[in-house]
S.K.: 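What follows is a single structure, and I will ask about it in a moment.
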Amino acid sequence: MKIKPFDTERFFAVYEFTAPYILCASDCESMTVDELLALAGVPWETLGSLRLGYTESQGSPVLRERIAALYNNVTAEHILGLATPEEGIFITMHALLEPGDEVVVLTPCYDSLIHVVEYLGCRVTHWALDENPAGGWRLDVGALERLVTPQTRLVIVNFPHNPTGYLPTRAEWAAIVDVVARAGAWLFSDEMYRGLEANPASRLPSGCEAYERAITLTGLSKTYGLPGLRTGWLALQNTEMLQRILGWKDYTSICASAPSERLAEIALGVSDALAARSRAIVAQNLALADEFFERWAAVFRWNRPQAGSVALVGLRAASAEAFAAHLVSETGVLLLPGACLGSDDHHVRFGFGRRDFPSGLAQLEQFLTTSE
Ligand SMILES: Cc1ncc(COP(=O)(O)O)c(C=O)c1O
């Protein structure tokens, strides 16, 4: 059996480094090494002494200490450093699942969260987010309760959610964890966008804090604006499962890159400042988006995100894919068709984490005005 193509990555591979206006990025504005070191107050020379040997498979102890400090009830032994966040999805699913296992996946979703599980021959059911006619998305925890059975091995969620920007309330999150715990299932909690809550008070406890059979995935790509470091990690209370997952890492990367680990240690020393910088950019861009979507309600159905850096917006056109292809060829503005993420052909993803969002939005507005 072949794994399905990774539509989102294939789409970005065509346009990401050529289209001038990336209006659908999921990462937040990045920075140079100089800027990161200056923010952290670390001199350049400290990088010069870094040895370029292999690194520890589970991740550097210093880095794991800094990561563990982000959570309440885990320590460095509960952290598995990754060579890429993406790797965390691949190796966890391989360590945890057998063909025929029952898995519930929140949909739509980032491609690999469902494709790897399907590839492994699991019985996959979709727990779908519903679009609210008044705007935004809603989650039916009762539906999850009906989908989860005593045979369910794993439930896969991602909050704040890519692509909708949905964030459950604390009560909803507690109810989700409770449903999974009552079934004795594992919970894979993709938290790549955690820290990007419009209202920081609404940030949820991490999966690994909430449940002993939860596996949290996070990394520096989105909230912290450092996707080029490719740094990610898993956090889980169960050290036996951690060792099983680590066994799969021997077949993917063995260990992370030494320069990335060192820069990630430095970045985590200023993690609050990095996240605050990203939140400020997203907030400014969302304010512009609010006005834009009010002006263009005849074309788009604005589903304002509650958290994260992306939104899945309704498009009143025959085909979102055709619209996006025409838009990028005419103007260089890139929107991601929702179908890439398992949504339908009437939605597009916008991303709000980049500083050049206003110029891309202005190009889109000009295109819409001239097409009227
Ligand atoms: C929900 C989610 N999980 C995991 C990843 C993978 O992160 P990375 O590309 O940094 O490996 C992404 C990237 O877009 C994502 O959106």
Side-chain angles (χ1 to χ4, degrees), residues 1-11 13 57 80 82-129 139-140 143-159 161-163 176-177 179-192 207-208 211-219 232-236 238-254 338-344:
M1 185 182 162
K2 290 227 165 65
I3 196 160
K4 279 189 187 154
F6 207 126
D7 288 341
T8 304
E9 295 305 334
R10 287 304 94 216
F11 183 83
S57 183
L80 194 169
L82 300 164
T84 72
E86 184 64 60
E87 178 184 45
I89 299 172
F90 190 86
I91 63 178
T92 302
M93 301 311 157
H94 278 78
L96 194 61
L97 299 171
E98 300 287 340
D101 277 348
E102 235 178 73
V103 180
V104 179
V105 185
L106 178 72
T107 57
C109 64
Y110 184 62
D111 313 37
S112 51
L113 290 174
I114 192 160
H115 289 178
V116 176
V117 179
E118 288 173 344
Y119 167 76
L120 288 169
C122 298
R123 283 179 291 141
V124 180
T125 45
H126 293 215
W127 179 32
L129 276 150
L139 198 60
D140 181 357
L144 178 68
E145 201 147 12
R146 291 187 290 279
L147 291 172
V148 170
T149 76
Q151 281 73 49
T152 300
R153 172 83 171 144
L154 174 67
V155 175
I156 299 176
V157 295
N158 159 224
F159 302 121
H161 184 242
N162 172 15
I176 292 165
V177 173
V179 170
V180 180
R182 274 190 282 125
W186 287 87
L187 179 66
F188 188 81
S189 179
D190 180 325
E191 300 171 11
M192 289 297 292
C208 68
Y211 178 43
E212 72 274 10
R213 280 159 85 86
I215 301 166
T216 288
L217 169 71
T218 318
W233 59 86
L234 300 169
L236 61 162
N238 188 311
T239 50
E240 200 184 311
M241 180 54 73
L242 187 148
Q243 291 303 322
R244 272 172 64 180
I245 300 171
L246 196 54
W248 273 92
K249 191 178 170 190
D250 293 336
Y251 291 92
T252 49
S253 64
I254 301 177
C340 287
L341 294 151
S343 176
D344 59 23

S.K.: With side chains defined as the heavy atoms from C-beta onward, is the minimum distance between Thr252 and Glu86 less than 4.5 Å?
M.R.: no

S.K.: Between Val116 and Ile3, is any pair of side-chain heavy atoms under 4.5 Å apart?
M.R.: yes

S.K.: Which atoms form the tightest heavy-atom contact between Asp111 and Thr8, and what is the distance?
M.R.: OD1-OG1, 2.5 Å

S.K.: State whether the side chain of Lys249 and the backbone N or O of Ile91 hold a donor-acceptor pair below 3.5 Å, judged by distance alone.
M.R.: no

S.K.: Do Val104 and Leu144 have side chains that get closer than 4.5 Å, going by heavy atoms?
M.R.: yes

S.K.: Between CG of Leu80 and CZ of Arg244, what distance do you get to the nearest 0.5 Å?
M.R.: 13.5 Å

S.K.: Work out which heavy atom in Ala183 is nearest to a heavy atom in Thr149; give both atom names and the distance.
M.R.: CB-O, 3.7 Å

S.K.: From Cys122 SG over to Ile156 CD1, what is the distance, rounded to the nearest 0.5 angstrom?
M.R.: 8.5 Å

S.K.: Search all heavy atoms of Pro108 against all heavy atoms of Gly342 and return the closest pair with its distance.
M.R.: CB-C, 4.0 Å

S.K.: If you count every heavy atom of other residues, nucleotides or ligands that lies below 6.0 Å from Arg10 atom CZ, does the total exceed 12?
M.R.: no

S.K.: Give me the ring orientation class for His94 and Tyr119: parallel if the planes are under 30° apart, tilted from 30 to 60°, perpendicular past 60°.
M.R.: tilted

S.K.: Roughly how far, to the nearest 0.5 Å, is the SG atom of Cys208 from the CD atom of Glu191?
M.R.: 6.5 Å

S.K.: Ignoring hydrogens, what is the shortest heavy-atom contact between Leu154 and Ala185? Give both atom names and the distance.
M.R.: N-CB, 4.3 Å

S.K.: Checking ring-ring contact (aromatic ring centres under 6.0 Å, His included) against Phe6, which of Phe90, Phe11, Tyr110 comes through?
M.R.: Tyr110

S.K.: Just so I know, are the side chains of Leu139 and His161 near enough to count as touching, which here means a heavy-atom distance under 4.5 Å?
M.R.: no

S.K.: Between Arg213 (side chain) and Ala181 (backbone), is there a donor-acceptor pair under 3.5 Å?
M.R.: no

S.K.: Are Thr92 and Trp186 side-chain neighbours, meaning at least one heavy-atom pair lies under 4.5 Å?
M.R.: no

S.K.: Could you pull out the closest heavy-atom pair between Leu236 and Ala214, with the gap in Å?
M.R.: CB-O, 3.5 Å

S.K.: Nearest 0.5 Å, please: how far is CD1 in Ile89 from CD1 in Ile215?
M.R.: 12.0 Å

S.K.: Hey, what do you get for CG (Leu147) to OG1 (Thr125), rounding to the nearest 0.5 Å?
M.R.: 5.0 Å

S.K.: Going through the distances and angles, do Val148 and Arg182 end up as a side chain to side chain contact (heavy atoms under 4.5 Å, CB included)?
M.R.: CA-CA 9 Å; Val148 170; Arg182 274 190 282 125; over 6 Å; no

S.K.: Before you tell me yes or no, could you show the steps for Val155 and Val179 under side chain to side chain contact (heavy atoms under 4.5 Å, CB included), namely the whole-Å CA-CA distance, both residues' side-chain angles and the distance that decides it to 0.1 Å?
M.R.: CA-CA 10 Å; Val155 175; Val179 170; over 6 Å; no

S.K.: Could you walk me through whether Val177 and Leu187 pass the side chain to side chain contact (heavy atoms under 4.5 Å, CB included) check?
M.R.: CA-CA 8 Å; Val177 173; Leu187 179 66; 4.3 Å; yes

S.K.: If I compare all heavy atoms of Ser57 with all of Ile254, which pair ends up nearest, and what's the gap?
M.R.: OG-O, 2.9 Å

S.K.: Working to the nearest 0.5 Å, report the span between CD1 of Ile245 and CG of Leu96.
M.R.: 7.0 Å

S.K.: Apply side chain to side chain contact (heavy atoms under 4.5 Å, CB included) to Phe188 and Val103, showing your working.
M.R.: CA-CA 10 Å; Phe188 188 81; Val103 180; over 6 Å; no

S.K.: So Arg153 and Glu102, salt bridge (Lys or Arg N to Asp or Glu O under 4.0 Å) or not? Walk me through it.
M.R.: CA-CA 6 Å; Arg153 172 83 171 144; Glu102 235 178 73; over 6 Å; no

